[in-house]
**Q** 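Quick one: structure below, then a few questions.
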Amino acid sequence: MDKIEILMYHDVYRESPLESGFPSKGACYYKVSEGAFERQVRAIASYEDDNRPTLTFDDGGTSFYTIIAPILEKYNLKGVFFIATDYIGKDGFMTLEQMRELAERGHIIGSHSCSHNADMGSLSFDERRREWTDSVMVLNEIIGQPITCISVPNGYVNYEDSVFFKELGITTVYTSKIGEYKNREEILFVGRYGIKKSLTIENFNSVLCKGGFYKKEKLIQDSVNLVKSVLGQNIYGKIKSVIRKHQK
């Protein structure tokens, strides 16, 4: 059976999506309740090791430390946690000590840029270089070991950035393109399936085994990526914001 290589999560909450991470409506769209998350982790743990997906988590919210890591460890799993370094220690985000402890407990720490710019595509090459360089340097110092992976905020990917990713010691870039697997300048770009708050356990199981629901989602995303390439990142982002305002 094929497996989903990577799952992309954000925050997990107990009572309110505003407990951890970014408070925007767009961010809350991807936040999962504690009960739903544990059901999903339990489903993953029921698979043999070779068929288990990698679990990644974006942004750096406090739930990484307070909810997510304890549930993963309960089922003998580890996470890959991506941190937007400008927000370390701010309300709703992890502290230096919490990040360091997660690394010591065997979880992987990666960069999610400094500022989590909503449109990385609007930045110049030099601005993007600074975003990633500064973030990686901060994280290297915090956890005392090299950072080798990053995830790109909001799914924006510029493959020419491979030039400085390589200089920074980055070997893997996680994107939000389902099924992506590309090698550029010895940098591996791998896609992830984004977990939304509305995902039922039945559809989650379909994602794990690449069933009909997963195939439909991938087809939709492939179509969206085609539209994005035609309209451009900026126009697409504005249309997406309008659509999200009308979603519950």
Side-chain angles (χ1 to χ4, degrees), residues 4-10 22 30 53-60 79-88 93 96 99-100 102-103 107-194 218 221-222 224-238 240:
I4 297 298
E5 296 288 348
I6 312 288
L7 297 180
M8 176 178 64
Y9 286 91
H10 290 74
F22 295 111
Y30 290 97
T54 298
L55 286 82
T56 72
F57 303 85
D58 283 2
D59 297 344
V80 184
F81 296 110
F82 294 107
I83 313 298
T85 52
D86 283 356
Y87 294 88
I88 295 172
F93 290 86
L96 301 175
M99 291 167 48
R100 190 175 293 120
L102 287 183
H107 300 280
I108 296 172
I109 303 296
S111 169
H112 199 42
S113 79
C114 288
S115 68
H116 195 272
N117 191 288
D119 181 12
M120 293 289 278
S122 68
L123 303 181
S124 69
F125 179 84
D126 288 340
E127 288 171 329
R128 295 197 306 276
R129 182 195 289 268
R130 283 194 295 272
E131 282 274 342
W132 294 112
T133 299
D134 291 352
S135 176
V136 167
M137 289 178 63
V138 167
L139 293 173
N140 282 342
E141 184 171 350
I142 291 172
I143 67 171
Q145 53 187 279
I147 300 300
T148 61
C149 59
I150 68 172
S151 72
V152 184
N154 295 315
Y156 175 80
V157 181
N158 193 315
Y159 299 106
E160 71 175 7
D161 294 349
S162 299
V163 175
F164 60 80
F165 288 157
K166 188 174 181 180
E167 295 172 356
L168 292 172
I170 300 301
T171 59
T172 309
V173 176
Y174 291 94
T175 75
S176 56
K177 295 180 180 179
I178 300 174
E180 179 172 37
Y181 195 91
K182 296 180 180 179
N183 196 309
R184 301 288 182 93
E185 301 291 334
E186 300 179 21
I187 307 296
L188 184 62
F189 291 80
V190 291
R192 301 178 288 174
Y193 181 91
K218 187 177 186 306
Q221 190 189 79
D222 289 344
V224 168
N225 287 334
L226 178 60
V227 172
K228 188 186 298 186
S229 66
V230 173
L231 296 179
Q233 183 76 17
N234 291 334
I235 296 176
Y236 170 77
K238 292 176 181 178
K240 182 179 178 181

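Note that the structure is a prediction, hence the values are computed from the model and not measured. Throughout, residue positions are numbered sequentially from 1 according to the sequence presented. Side chains are part of it too, since the values below use all heavy atoms of this structure and drop only hydrogens, waters and symmetry mates.
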**Q** Testing the basics here: between E160 and F125, what is the closest heavy-atom pair and its distance to 0.1 Å?
**A**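 Looking at all heavy atoms of both residues, the shortest contact is OE2-CD1, 3.6 Å.
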
**Q** Could you measure the distance from the NZ atom of K218 to the CD1 atom of I178? Nearest 0.5 Å is fine.
**A**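 K218 NZ to I178 CD1: 7.5 Å, rounded to 0.5 Å.
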
**Q** If you define the side chain from C-beta out and look only at heavy atoms, does anything of V138 sit under 4.5 Å from N140?
**A**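 The answer is no; the side chains never approach within 4.5 Å.
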
**Q** Near Y181 OH, under 6.0 Å, is it more than 12 heavy atoms from other residues, nucleotides or ligands?
**A**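 No, the 6.0 Å shell around OH holds no more than 12 heavy atoms from other groups.
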
**Q** Show your working on side chain to side chain contact (heavy atoms under 4.5 Å, CB included) between D161 and V163 and close with a plain yes or no.
**A** CA-CA 5 Å; D161 294 349; V163 175; over 6 Å; no

**Q** Are R130 and L123 close enough, and set up right, to give a side chain to side chain contact (heavy atoms under 4.5 Å, CB included), and what steps lead you there?
**A** CA-CA 10 Å; R130 283 194 295 272; L123 303 181; over 6 Å; no

**Q** Could you please spell out the steps behind the side chain to side chain contact (heavy atoms under 4.5 Å, CB included) verdict for E131 and S115?
**A** CA-CA 7 Å; E131 282 274 342; S115 68; 2.6 Å; yes

**Q** How many angstroms lie between atom OG1 of T148 and atom CG of L168, to the nearest 0.5 angstrom?
**A**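 The distance works out to 11.5 Å.
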
**Q** Are the side chain of Q221 and the backbone N or O of S176 linked by a donor-acceptor pair below 3.5 Å?
**A**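 Yes; judged by distance alone, with no hydrogens or angles, the pair exists.
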
**Q** Distance-only, no hydrogens or angles: does the D58 side chain make a donor-acceptor pair with backbone N or O of F82 under 3.5 Å?
**A**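 Not a single qualifying donor-acceptor pair exists.
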
**Q** Please find out if less than 6.0 Å separates the ring center of Y9 from that of Y30.
**A**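 No, too far apart.
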
**Q** How close do S111 and L139 get, heavy atom to heavy atom, and via which atoms?
**A**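 Heavy atoms only, the tightest pair is CA-CD1, 3.5 Å.
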
**Q** Any chance you could measure R184, atom CZ, to K166, atom NZ, to the nearest 0.5 Å?
**A**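 It is 14.5 Å, given to the nearest 0.5 Å.
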
**Q** Can you tell me if D86 and H116 form a side-chain donor-acceptor pair at under 3.5 Å?
**A**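 Absent: no donor and acceptor within the cut-off.
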
**Q** To check you understand the geometry: which heavy-atom pair defines the closest contact between R100 and I142, and what is its length?
**A**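 The pair with the smallest heavy-atom distance is NE-O, 2.9 Å.
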
**Q** Could you pull out the closest heavy-atom pair between W132 and P153, with the gap in Å?
**A**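 Of all heavy-atom pairs spanning W132 and P153, the closest is CH2-CD, 3.9 Å.
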
**Q** Mind checking the CD1-OG1 spacing from I147 to T85? Nearest 0.5 Å is all I need.
**A**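 These two atoms lie 10.5 Å from each other.
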
**Q** Using 0.5 Å steps for rounding, measure from the OH atom of Y174 to the SG atom of C149.
**A**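 Between Y174 OH and C149 SG, I get 5.5 Å after rounding to 0.5 Å.
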
**Q** State the CZ-CZ distance between R129 and F165, to the nearest 0.5 angstrom.
**A**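 R129 atom CZ to F165 atom CZ measures 10.5 Å (nearest 0.5 Å).
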
**Q** Which atom names give the shortest non-hydrogen contact between I109 and A103, and what distance separates them?
**A**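 Smallest interatomic distance, heavy atoms only, reads CG1-CB, 4.0 Å.
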
**Q** Show, in sequence, the C-alpha distance, side-chain angles and deciding distance for R192 and S151, and conclude whether the side chain to side chain contact (heavy atoms under 4.5 Å, CB included) test is met.
**A** CA-CA 10 Å; R192 301 178 288 174; S151 72; 3.5 Å; yes

**Q** Please work out which of the three classes, parallel, tilted or perpendicular, describes the rings of F22 and F93, given edges at 30° and 60°.
**A**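 Answer is perpendicular, since the angle exceeds 60°.
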
**Q** On a heavy-atom basis, which atom in S122 and which in N117 lie closest, and how many Å separate them?
**A**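 Taking S122 first and N117 second, the nearest heavy atoms are OG-OD1, 4.0 Å.
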
